[in-house]
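One structure below.
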Amino acid sequence: MSKIRKRPAEWAFDIANLLLMTLVIVATLFPFLHIAAVSLNEARDAAAGGIGIFPRVWSFDSYITVFKYNDIFDAFLVSAARTVAGTALSLFFTSMVAYSMTKKELIGYKHIYRFYVISMFIAGGTIPTFFIYQWLHIYNTFWVYVLPGMFSVYNMILMRTFILQLPKELEESALLDGANEIRIFLRLILPLSKPILATIGLFVAVSQWNSWQDTLFFTNNPDLETLQYVLMKVMRQTEATAMTKRARMSMSQMRTISITPESVKMAITIVSTVPILCVYPFVQRYFVKGMMIGAVKG
Amino acid sequence: MPVKASLRSKVSRQRYLLMMVAPSLIFVAVFSYLPIWGMLIAFFDYNPGLGFAGSKFVGLRYFKEFLGTSDFLLLMRNTVAISSLNIACGTVFPVAFAILINELFVPRMRKLTQTISYLPHFISYVVVANIATTMLSPDGGAINRLLLGLGVIQKPIFFLAIPQGFWFLISAINVWKETGWAAIIYIASIANIDPQLYEAATVDGAGRMRRIWHITLPGILPTIIVLTIMALPDLLNAGFDPSYLLGNPIVSDFSRVLDTHIYAVGIQQGRYPLATAVGLMRMGVSLVLILSANSWARRVSEYSLF
C-alpha cells in the first residue's frame with residue numbers, strides 16, 4: 001500500500017487521525033495526572049483552583065493524614081487481604097474443576113456441563129443472596145468477600161479450553177507411571193497452565209481490589225470496610241456537603257488547616273488506583289490475551 | 001447386575017476426578033440455584049425468622065404493588081434509557097475507534113494509543129465517579145475551565161445537577177471508561193480481513209474512505225451484529241454503580257433505576273418480598289431476551305451461546 005503515493009486528502013485524513021488519537025490519549029491520562037497533582041498539592045492552595053497536571057505547592061500532608069488515619073490503613077489491609085486470599089482460592093478451585101472437566105468420560109459429564117452453563121444465565125438477585133449468606137453465616141464476615149467468588153464458570157471454561165490444548169502424551173505417561181488425577185493436576189497441569197493462571201488471576205485480582213458493592217450490601221461492620229468502600233463514603237460525604245451552601249462556608253473555614261476533605265479524597269483515590277497502575281504496564285498483554293480467548297470461545 | 005457393577009467400577013476408577021468436581025457442584029447449587037428458589041420470597045409475607053412454612057402466602061400482591069406505583073414507569077424509563085444508550089454507544093464508539101486505530105500510519109502510535117485506551121476499564125467505578133465529579137465540578141473543574149477558556153460558555157455549568165442530562169452524562173462516562181477495551185475485539189476482527197482486498201481496492205483507485213466503507217465495515221459487520229444482539233439481554237440492567245454513585249436528589253427522577261430501587265427497598269427498608277418481586281420480574285424479562293437473542297444470533301451467524 002505504501003508504494004502508492006498518497007493524495008493530499010489522504011494526508012489530511014492521516015494528520016487529523018493522528019491528532020484525534022493524541023486527543024484520546026490526553027483525555028484518558030489527564031484525569032489521573034490531574035488528581036495526582038491536586039493530591040500532592042498543598043490543600044489550601046489547591047482549593048483556590050487552577051491546578052493542571054503539576055502540583056503548584058508540593059505537600060504530602062494529605063497522604064500523611066490518610067496513612068495516619070487508622071481506618072483508612074485498616075481498609076487498605078482488608079482490600080489487600082481479600083485480593084490475595086480471593087485470587088489464590090479462586091485460581092486453585094477453578095482450575096481443579098477445569099482440569100476434571102477436560103475428561104469427557106466423567107460420569108454425568110453432559111449433565112454437569114449443562115448444570116454449570118445454565119447457572120451463568122440465571123441470577124437470584126440481591127435479596128435471596130442476602131438470605132443465603134445469612135444462612136451460611138458468612139454475612140458480615142470476611143468470608144463474604146472470598147467465598148462467593150471462589151468458583152467462576154466462565155473462568156473454568158477459559159481454563160478448560162487452555163488445558164485441552166496441552167499435549168496429551170505427558171498426562172498419559174504420568175497415568176502409566178501410576179499417578180492419580182489429583183497428583184497429575186498438582187504436579188503437571190498446574191505448572192503447565194501458568195499463562196492462563198496469570199490471565200485469570202489478574203482478572204480476579206482486579207475485580208477483588210475494585211469491589212465495593214458487597215461491603216455495602218452484605219456487611220455492616222466497620223472492621224470489614226475496604227479501601228474502595230471508604231473512598232465511596234468519603235466521596236458521598238464531600239458531595240453531600242458541597243450540595244449545600246452552609247456546608248460550603250464550613251469548607252472555607254477548613255482552609256485554616258493544611259488538609260481539606262477534597263484533598264484527602266484525592267489522596268485516597270490515588271492510593272486505591274496506584275496498585276493497578278503499577279502492575280498495568282506489565283500485565284496488560286495478559287488481559288488482552290484473556291479477552292481474546294474469551295471471545296474465540298464465547 | 002452388570003450395569004450396576006460397571007457403574008460402581010467406573011465410580012471407583014474416577015474417584016479422584018469426582019472428588020475434584022463435587023465441591024464445585026455444591027458451590028453452584030448453593031450460590032446460583034438456591035437463590036432462584038429463594039425468589040419465592042416474592043410470593044410470601046416473608047418472615048426471615050420463620051421461613052416459608054411460617055410465612056403467609058400472598059400470591060401476586062407485591063407484583064401488583066410494584067406495578068401500581070408511579071415509580072414503576074419512571075424506573076423502567078430510566079433503566080431502559082440508560083442501558084440502550086450504553087448499548088448504542090458501546091457499539092458505535094468502539095467500532096469507530098478500532099477503524100481509526102487501524103488507519104494510523106505510525107505503528108508505534110497504534111500500540112501506544114491502544115495500550116492507554118483500555119486503562120480506564122480496570123479502574124473501579126468508585127474512582128471513575130470521583131474523577132467525573134472532579135472534572136465536571138462547577139468550582140474550577142477542568143471541563144468547565146476548558147469550555148470557559150474556549151469561550152463556549154459564559155459561566156460554569158453544574159453538569160451533575162442537570163436532571164435531563166443525567167442519562168447522557170452516564171453514557172459519556174461509560175464511553176470514556178469502556179471504549180478502548182470493547183474495541184479490542186473489533187481490532188482483532190479487522191486484522192482478520194484479507195489484505196489482498198485492500199490492495200486490489202487501492203489498485204482500482206479506491207480512496208481511504210471507500211476502503212473503510214466497502215471493505216473494513218462489511219468485514220467486521222458480523223462481529224458488530226452478534227455483539228450487539230448479545231448485549232440486548234442487558235436492556236433492564238442499567239447497573240447499580242453509576243446511579244448510586246453519581247445520582248443526587250436534584251437528578252433523582254432521572255437517575256433512579258431498578259438496581260438502586262431493589263437496594264433501597266430491600267436492603268435499606270427491609271421490604272424483602274417487594275424487592276424480590278422486582279428482581280424476579282426483571283429476571284423473567286432477561287431470560288426471554290437471552291433466549292431470543294441467542295436464536296436470533298444463530299440465525300444471522302453460526303455464533304450462539306448454547
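Every heavy atom of this structure was used, including side-chain atoms; hydrogens, water molecules and symmetry mates were not. Naming: A, B, ... by sequence-line order, numbering from 1 per chain.
- In this pair, B:Tyr263 and B:Phe240 present their aromatic rings perpendicular. The plane angle is above 60°, beyond the 30 to 60° band.
- For chain B, the option among A:Ile107, A:Ile112, A:Val97, A:Val24 with the highest count of heavy-atom pairs below 4.5 Å is A:Ile107.
- With a threshold of 4.5 angstrom between heavy atoms, A:Thr22 approaches chain B through its backbone and through its side chain.
- With a 4.5 angstrom heavy-atom cutoff, A:Ile276 touches chain B only via side-chain atoms.
- The aromatic ring centroids of B:Phe97 and B:Phe93 lie 6.0 Å or more from each other.
- Only the side chain of A:Leu277 comes within contact range of chain B, judged by heavy atoms closer than 4.5 Å.
- Your options are A:Tyr99, A:Phe30, A:Phe32, and the one with the most heavy-atom pairs under 4.5 Å with chain B is A:Phe32.
- Judged purely by distance below 3.5 Å, without hydrogens or angles, the side chains of B:Asn192 and B:Ser189 never pair a donor atom with an acceptor atom.
- Relative ring orientation between B:Tyr118 and B:Trp181 is described as perpendicular, the plane-to-plane angle rising above 60° on a 0-90° scale split at 30° and 60°.
- Of the atoms belonging to A:Thr28, heavy atoms from both backbone and side chain fall under 4.5 Å from chain B.
- To the nearest 0.5 Å, atom CE of residue A:Met21 and atom CG of residue B:Leu100 are 4.5 Å apart.
- With a 4.5 angstrom heavy-atom cutoff, A:Tyr229 does not touch chain B via any of its atoms.
- For chain B, the nearby parts of A:Phe151 are the backbone and the side chain; heavy atoms of each come within less than 4.5 Å.
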What pairs of donor and acceptor atoms, side-chain ones from residues 126-136 of chain A against any protein atom, are under 3.5 angstrom apart with sequence neighbours left out?
| unit_1 | atom_1 | unit_2 | atom_2 | d |
| --- | --- | --- | --- | --- |
| A:Thr129 | OG1 | A:Gly125 | O | 2.5 |

